[in-house]
Amino acid sequence: MIIDVHAHADFLSEEKLVEIQKNKKIRLVISNSVNLNSCKKNLEFSRKYSKIRLAAGLYPEEDLTLAEYSKFEKFVRKNKKEIIAIGEIGIDKIEKLNFELQKEIFINQLNLAKELDLPVIVHSRKAEKEALDILEDYKDNLKIILHCFSGNFNLIKRAVELGFSFSIPANIMRSEHFQKMAGEIPHERILTETDSPLLSPYKEMKNEPSFIKESIKKFSEIWSISEDKVEKIIEENFNKIFSV
Ligand SMILES: [Zn+2]
């Protein structure tokens with residue numbers, strides 16, 4: 001079965017969501033949110049399509065404020081029964097938002113996840129070390145998934161030692177970095193994702209959760225085990241983090 005822990009249903013067409021719902025190979029897709037509007041849209045989709053589940057989060061976009069965070073916190077408390085993770089959250093040196101404010105809002109969201117006992121899905125761009133420095137304080141109290149981690153292998157080793165998991169995107173078929181990660185990270189720490197509709201493994205097509213079949217194929221090659229076994233490992237890893 002296919003499990004996509006990181007996609008964006010609110011960026012996909014409604015037609016695609018119907019296809020996902022009908023696809024018997026897909027167990028579920030976690031739709032990650034980047035701002036309050038995105039949280040609301042993904043909540044709607046998760047109500048309409050049972051395979052789409054909601055991760056609520058604020059990504060450090062340029063116009064993010066503490067006032068917006070307060071509204072987000074209210075949204076999460078109100079809808080907490082329908083939220084299966086806090087994501088995608090993080091710190092990002094490519095985004096223009098003040099870095100200190102980014103850290104403050106990131107930490108607020110980590111504390112909220114801890115209080116509500118929800119896993120977190122973290123993206124950090126050009127700030128991987130700073131993200132790990134913050135996340136280290138939560139290693140005993142939070143289930144942490146690093147999405148699309150692009151830090152170097154010393155940082156990857158540190159994250160493994162801290163007990164974090166990694167979701168590796170379907171564009172692994174074109175990325176040496178992700179192939180190397182798949183070879184070095186313990187199998188029990190690996191999850192599958194697409195970041196749909198972004199990061200497509202096929203240059204000419206928009207990404208979608210069914211393309212995880214490409215990751216399964218790649219893991220099977222790298223780990224020298226059957227594709228069925230890979231799927232089983234990924235499902236077990238998912239079940240250890242999520243109670244759905
Ligand atoms: Zn994303």
Side-chain angles (χ1 to χ4, degrees), residues 2-13 16-17 20 26 28-46 49 51-64 68 72 75-76 83-97 102 105-106 109-110 113 118-128 131 135 143-151 159 164-175 177-178 181 190-202 205-212 214-215 234 238 241-242:
I2 283 176
I3 298 171
D4 187 347
V5 301
H6 194 110
H8 296 275
D10 54 328
F11 302 158
L12 292 169
S13 67
K16 196 50 79 184
L17 300 181
I20 291 169
I26 296 177
L28 67 82
V29 174
I30 301 181
S31 188
N32 282 246
S33 311
V34 293
N35 55 40
L36 196 53
N37 221 353
S38 159
C39 288
K40 287 175 187 163
K41 277 194 209 155
N42 284 324
L43 175 65
E44 260 174 54
F45 290 135
S46 70
Y49 304 101
K51 286 186 185 176
I52 307 280
R53 307 304 290 265
L54 171 63
L58 298 178
Y59 199 69
E61 293 173 329
E62 197 177 349
D63 54 354
L64 182 57
E68 192 68 5
F72 166 79
F75 172 89
V76 171
I83 295 171
I84 70 163
I86 296 294
E88 72 178 285
I89 60 173
I91 46 177
D92 185 327
K93 285 192 176 158
I94 297 170
E95 292 284 344
K96 291 194 184 94
L97 186 69
Q102 290 198 26
I105 294 175
F106 181 43
Q109 293 183 91
L110 294 172
L118 288 169
V120 292
I121 299 167
V122 176
H123 194 191
S124 48
R125 286 194 306 175
K126 307 273 176 216
E128 287 85 4
L135 290 169
K143 289 168 179 159
I144 295 168
I145 299 168
L146 302 175
H147 143 71
C148 203
F149 193 76
S150 303
F164 305 163
S165 295
F166 295 80
S167 62
I168 297 187
N171 73 353
I172 183 174
M173 69 185 267
R174 295 198 281 116
S175 159
H177 173 77
F178 291 131
M181 272 173 75
I190 291 182
L191 295 159
T192 42
E193 64 145 293
T194 56
D195 208 14
S196 300
L198 309 169
L199 299 185
S200 182
Y202 311 115
M205 287 169 90
K206 272 193 190 162
N207 207 355
E208 58 175 78
S210 67
F211 294 167
I212 279 179
E214 297 296 349
S215 312
I234 303 288
F238 176 82
I241 298 176
F242 294 94

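Ligands are counted one by one from 1 in listed order, and the atoms in each one are counted from 1 as well.
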On the 0 to 90° scale, with breaks at 30° and 60°, tag the His123-His147 ring pair as parallel, tilted or perpendicular.
-> perpendicular

Give a yes or no on whether Lys93 atom NZ has more than 12 heavy-atom contacts from other residues, nucleotides or ligands under 6.0 Å away.
-> yes

Please step through side chain to side chain donor-acceptor pair (under 3.5 Å) for the pair His8 and Asn32, ending with a clear verdict.
-> CA-CA 5 Å; His8 296 275; Asn32 282 246; over 6 Å; no

Check whether any side-chain heavy atom of Ser46 sits under 4.5 Å from a side-chain heavy atom of Arg53, and report yes or no.
-> no

Pairwise side-chain contact, Ile26 with Asp4, heavy-atom cut-off 4.5 Å (strictly under) = no

With under 30° as parallel and over 60° as perpendicular, where do the rings of Tyr49 and Phe45 fit, or are they tilted in between?
-> tilted

Around the Zn ion (ligand 1), what protein N, O or S atoms are found below 2.8 Å?
-> His6 NE2, His8 NE2, Glu88 OE2, Asp195 OD1

